[in-house]
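In what follows, chains carry the letters A, B, and so on, assigned in the order in which the sequence lines appear, proteins first and then strands, with residues in each chain numbered from 1.
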4 protein chains.
Amino acid sequence: MGGAVKGKRMPRAVRERQMMDAAVQTFGQRGYRAASMDEIAGLAGVSKPLVYLYLNSKEELFTACIRREAGALVAAVRAGVEPGAPADRQLWDGLRAFFTHAAEHPDGWAVLHNQARTHGEPFAAEVARMRAEIVSFVTYLIGAAAREADCDSELAEREVGGLAHALVGAAESLAGWGNETPGVTAKETAATLMNFAWAGLENLMNGRRWAPPSPRG
Amino acid sequence: MGGAVKGKRMPRAVRERQMMDAAVQTFGQRGYRAASMDEIAGLAGVSKPLVYLYLNSKEELFTACIRREAGALVAAVRAGVEPGAPADRQLWDGLRAFFTHAAEHPDGWAVLHNQARTHGEPFAAEVARMRAEIVSFVTYLIGAAAREADCDSELAEREVGGLAHALVGAAESLAGWGNETPGVTAKETAATLMNFAWAGLENLMNGRRWAPPSPRG
Amino acid sequence: MGGAVKGKRMPRAVRERQMMDAAVQTFGQRGYRAASMDEIAGLAGVSKPLVYLYLNSKEELFTACIRREAGALVAAVRAGVEPGAPADRQLWDGLRAFFTHAAEHPDGWAVLHNQARTHGEPFAAEVARMRAEIVSFVTYLIGAAAREADCDSELAEREVGGLAHALVGAAESLAGWGNETPGVTAKETAATLMNFAWAGLENLMNGRRWAPPSPRG
Amino acid sequence: MGGAVKGKRMPRAVRERQMMDAAVQTFGQRGYRAASMDEIAGLAGVSKPLVYLYLNSKEELFTACIRREAGALVAAVRAGVEPGAPADRQLWDGLRAFFTHAAEHPDGWAVLHNQARTHGEPFAAEVARMRAEIVSFVTYLIGAAAREADCDSELAEREVGGLAHALVGAAESLAGWGNETPGVTAKETAATLMNFAWAGLENLMNGRRWAPPSPRG
DNA sequence: AATGAATGAGCATTCATTCAT
DNA sequence: GATGAATGAATGCTCATTCAT
């Protein structure tokens with residue numbers, strides 16, 4: 001990615017970006033604990049004390065990475081969605097934007113999905129916030145779709161939450177699958193999930209739901 | 001928690017189980033790197049050299065944990081499913097067994113889902129094997145369901161794979177959600193996912209699929 | 001070497017010999033510090049506590065090895081020499097016996113020559129005693145030779161000591177050389193040294209000595 | 001001993017020398033395995049991480065010590081010898097330089113003679129190279145002496161090798177003797193060996209050799 | 001006569017972090 | 001704005017040694 005030429009005397013903002021790029025890459029590939037400040041500094045083409053001067057500590061550096069990557073992901077999804085459009089269209093656009101961004105920033109995605117969630121509260125909370133934002137957006141879309149469809153049956157609040165979670169979870173899982181499986185495009189992945197999800201939602205909204213068999217009988 | 005009374009002089013098998021229990025708990029909560037052999041030994045009520053004597057190294061210990069937990073999970077799902085039953089019933093039973101097991105063994109689930117996948121090939125491969133087994137089971141169920149429904153449309157091979165992945169991914173994500181959200185039962189979670197998934201699958205199998213809008217128009 | 005069949009219940013003396021054999025081999029090949037009691041016990045086909053029961057500690061075990069091997073070496077040399085024979089003949093026989101024994105017991109020789117001398121007083125003293133015995137024997141032989149030769153010049157006490165040391169040192173060094181160089185027999189080695197040494201001694205005894213050049217001029 | 005004042009903030013080269021001095025001393029006195037990095041760092045007046053930062057590992061540190069001491073020894077011998085001088089003079093000067101250097105750097109000599117040879121290939125090879133260099137120099141000198149003496153008898157190739165080995169071995173052994181025996185000067189030691197060796201060589205070169213008695217008869 | 005079970009103490013190595021310049 | 005020099009505190013791992021049986 002475009003940088004880290006060892007030139008001296010850059011303005012702070014540029015240096016800081018180089019460091020965070022290096023950090024995201026290192027954290028994403030090695031994991032939080034296994035990534036060493038030495039490696040990050042080296043990759044950024046900078047001495048270790050400078051990293052500390054600008055970013056204070058490994059923990060803060062990691063938090064900054066999470067925040068930056070989370071922000072970028074949410075922004076990418078937002079940019080892909082047209083606010084006034086019909087709900088299904090919004091979901092479709094959002095999914096595409098999501099999968100595309102994850103595919104283009106695998107290390108960033110790894111930081112969010114694999115690393116941040118596995119290293120205790122300070123970090124998990126950060127990523128949970130982003131996730132909540134997306135889940136709530138999806139929840140809103142499901143509601144909107146229900147209203148648009150003028151559906152008769154009502155979906156319980158919690159059930160909608162569960163559905164949104166399932167959808168987001170499926171998306172996250174597929175993002176990893178797409179990143180690791182060569183030859184699968186973001187659009188394909190989005191289509192698969194959209195088919196899987198939307199049809200199900202439609203059914204639900206029309207009251208056709210799968211009945212659990214009478215208990216063990 | 002079941003065990004690790006500091007009593008001395010136990011037979012090897014018992015001690016070994018205590019150690020693995022402690023290890024799963026520690027790895028699940030702290031992560032592979034952050035978990036220290038000291039802490040594991042302490043939690044097991046044993047001195048560190050004994051852990052090494054029986055389990056050789058941190059890496060082997062972690063691998064042993066993954067294998068044990070993966071085996072237990074697969075066994076739980078298998079035990080919950082009745083082989084001859086209709087596909088939807090099998091899926092439902094399997095999901096319930098899965099969510100129940102994950103809820104009852106949160107640390108084990110964390111080891112598999114959060115830790116093993118983020119610490120390099122030796123471990124990721126181990127858990128990938130288990131996942132592949134489950135995905136292939138789900139893939140088979142989708143196919144069986146299609147045949148049972150005598151459906152006319154055919155689902156492309158890769159699409160089925162994608163669907164199975166999406167379903168398993170959604171399940172994994174929901175398992176985490178269920179473990180972290182108080183008051184949600186495994187049965188509820190399973191029902192949510194089943195509704196979400198099965199209806200969608202039915203639609204797909206009947207050729208009703210969501211059409212992506214004509215490109216950007 | 002003849003042993004360590006894992007059979008149970010041997011008389012103490014036999015077990016002890018097996019242990020010492022294993023210890024000599026391990027110490028000789030690995031060195032004192034790098035040899036582990038585990039390996040020694042394993043090689044002897046015995047459990048570790050038994051080694052401690054019979055030989056008390058690593059230090060004592062090592063000392064015992066040194067003593068046994070030193071004793072064996074001295075005995076071998078003694079057995080090769082005929083007390084009444086002329087001095088040169090005695091020296092020749094002694095050298096041959098020495099090189100032969102060192103070649104036949106390379107681990108024992110390594111213990112004495114390489115290991116015992118490099119691990120502090122308790123052990124170095126032990127081997128120094130043996131060395132002193134041999135040096136004094138050689139010193140005596142040189143004196144006897146002088147008397148036999150009815151030589152006119154007198155050799156200073158200290159000079160004889162130095163010569164004996166040099167001879168023994170050369171022998172020790174050649175023993176290592178012989179053990180590590182394939183195709184060199186003990187007899188050959190002995191002949192080389194004998195030629196080197198005896199002629200020189202003869203010269204010295206006859207007063208023909210090498211004169212250091214006038215100081216730097 | 002010369003240095004290691006605990007002053008802070010020295011240039012790297014200086015610190016590195018202090019560390020190597022401490023390492024040579026510690027390795028020489030305790031042996032490779034028994035020497036602890038803690039002790040070395042302490043003796044150098046430095047924290048352990050700094051030792052690792054500059055010298056990478058115990059193994060590399062030891063190797064560096066061997067190389068430095070071997071180089072110093074060879075250099076000392078070279079510096080003591082006058083290339084054009086007669087062979088006996090060269091041998092005499094070389095021996096004096098050798099004994100003097102060994103006496104002045106007992107720990108360095110111990111590292112080379114006692115430790116490096118007893119701790120496996122990586123190290124033994126290093127010192128073997130130096131030894132080979134010296135042996136080959138001595139071999140050359142013996143040949144030169146034979147030519148100078150215009151001697152009639154020919155010395156077999158292998159015999160010369162054996163003689164050189166014996167001479168070097170004797171020297172090594174005497175160096176240890178000199179270092180451990182108080183009151184013996186390097187010059188004295190050199191004279192003893194020179195007398196022992198040169199006269200013998202002269203005899204050999206003139207075809208006067210010691211005849212092994214007819215086999216056991 | 002012999003061993004399975006267990007540990008205290010130490011060791012090489014690494015890392016996040018800080019001064020002094 | 002930037003760095004070479006330096007360290008306290010862990011961490012994984014091993015080993016000589018001892019009980020209880």
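- Put simply, CD on Glu39(C) is 9 Å from P on dC15(F), counting in whole angstrom units.
- In this structure, Arg12(C) reaches neither bases nor backbone, as no heavy-atom distance under 4.0 Å exists between it and the strands shown.
- Each of Leu53(A) and Lys58(B) lies near DNA chain F, and the nucleotide nearest Leu53(A) is the one positioned closer to the 5' end.
- Comparing atom distances between the Lys48(B) side chain and each of dT3(E), dG12(F), dA20(F) picks out dG12(F) as nearest.
- Shown here, dA1(E) forms no base pair; nothing in the strands shown gives a Watson-Crick or G-U wobble contact with both key distances under 3.5 Å.
- Taking 4.0 angstrom as the limit, Arg15(C) places a side-chain polar atom (N or O) nearer than this to OP1 or OP2 of dA2(E).
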Show the numbers, then the answer: is there a side chain to side chain contact (heavy atoms under 4.5 Å, CB included) between His105(C) and Val24(C)?
CA-CA 10 Å; His105(C) 303 82; Val24(C) 167; over 6 Å; no
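- When distances are taken from the side chain of Tyr52(B) to each of dC19(F), dA9(E), dG12(F), the shortest belongs to dG12(F).
- One interatomic measurement links the two molecules: CG of Asp38(A) to C1' of dA6(F), which rounds to 13 Å at whole-angstrom precision.
- Stacking of Arg33(B) on the aromatic ring of Tyr32(A) is not recorded, the 6.0 Å distance cut-off and the 45° axial limit not both being met.
- Nearest nucleotide to the Leu50(C) side chain, out of dT3(E), dA16(E), dA6(F): dT3(E).
- Here the straight-line distance linking atom OH of Tyr52(C) with atom CE of Met37(C) works out to 4.0 Å at 0.5 Å rounding.
- Atoms CZ (Arg30(A)) and C1' (dC15(E)) sit 15 Å apart, rounded to a whole Å.
- dA1(E) atom P lies 14 Å from atom CG of Leu55(C), rounded to whole Å.
- The side chain of Tyr54(A) contributes an N or O atom lying less than 4.0 Å from OP1 or OP2 of dA2(F).
- When both distances must be under 3.5 Å, the Watson-Crick or G-U wobble mate of dT3(F) is dA20(E).
- For the pair Phe62(C) CZ and dT17(F) P, the computed distance is 14 Å after rounding to whole Å.
- If you check every strand for non-hydrogen atoms under 4.0 Å, Ala41(A) touches nothing.
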Could you check Leu55(B) against Met20(B) for side chain to side chain contact (heavy atoms under 4.5 Å, CB included), going step by step and ending with a plain yes or no?
CA-CA 9 Å; Leu55(B) 289 129; Met20(B) 299 250 326; 4.0 Å; yes
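- Heavy-atom contacts from other residues, nucleotides or ligands closer than 6.0 Å to CZ of Arg30(D) number 12 or fewer.
- Taking the nucleotide of DNA chain F with the nearest heavy atom to each of Pro49(B) and Ser47(D), the more 5' of the two is matched to Ser47(D).
- Between Glu60(C) atom CD and dA16(F) atom P there is a gap of 15 Å when expressed in whole angstrom units.
- Following rounding to the nearest Å, Glu16(B) (CD) and dG4(E) (P) show an atom-to-atom distance of 15 Å.
- DNA chain E is contacted by both Ala35(D) and Tyr32(A); Ala35(D) maps to the nucleotide lying nearer its 5′ end (nearest heavy atom per residue).
- Atom-to-atom distance recorded for Thr26(A):OG1 and Met19(A):CE is 13.0 Å, nearest 0.5 angstrom.
- Listed candidates were dA2(E), dT7(E), dT13(E). Nearest to the side chain of Met10(C) is dA2(E).
- In this structure, CG of Asn56(B) is placed 16 Å from C1' of dC15(F), rounded to the nearest angstrom.
- Distances from the side chain of Ser36(C) to the nucleotides dG4(F), dA9(E), dA16(F) place dA16(F) closest.
- Under the Watson-Crick and G-U wobble criteria, each requiring two contacts below 3.5 Å, nucleotide dC11(E) is paired to dG12(F).
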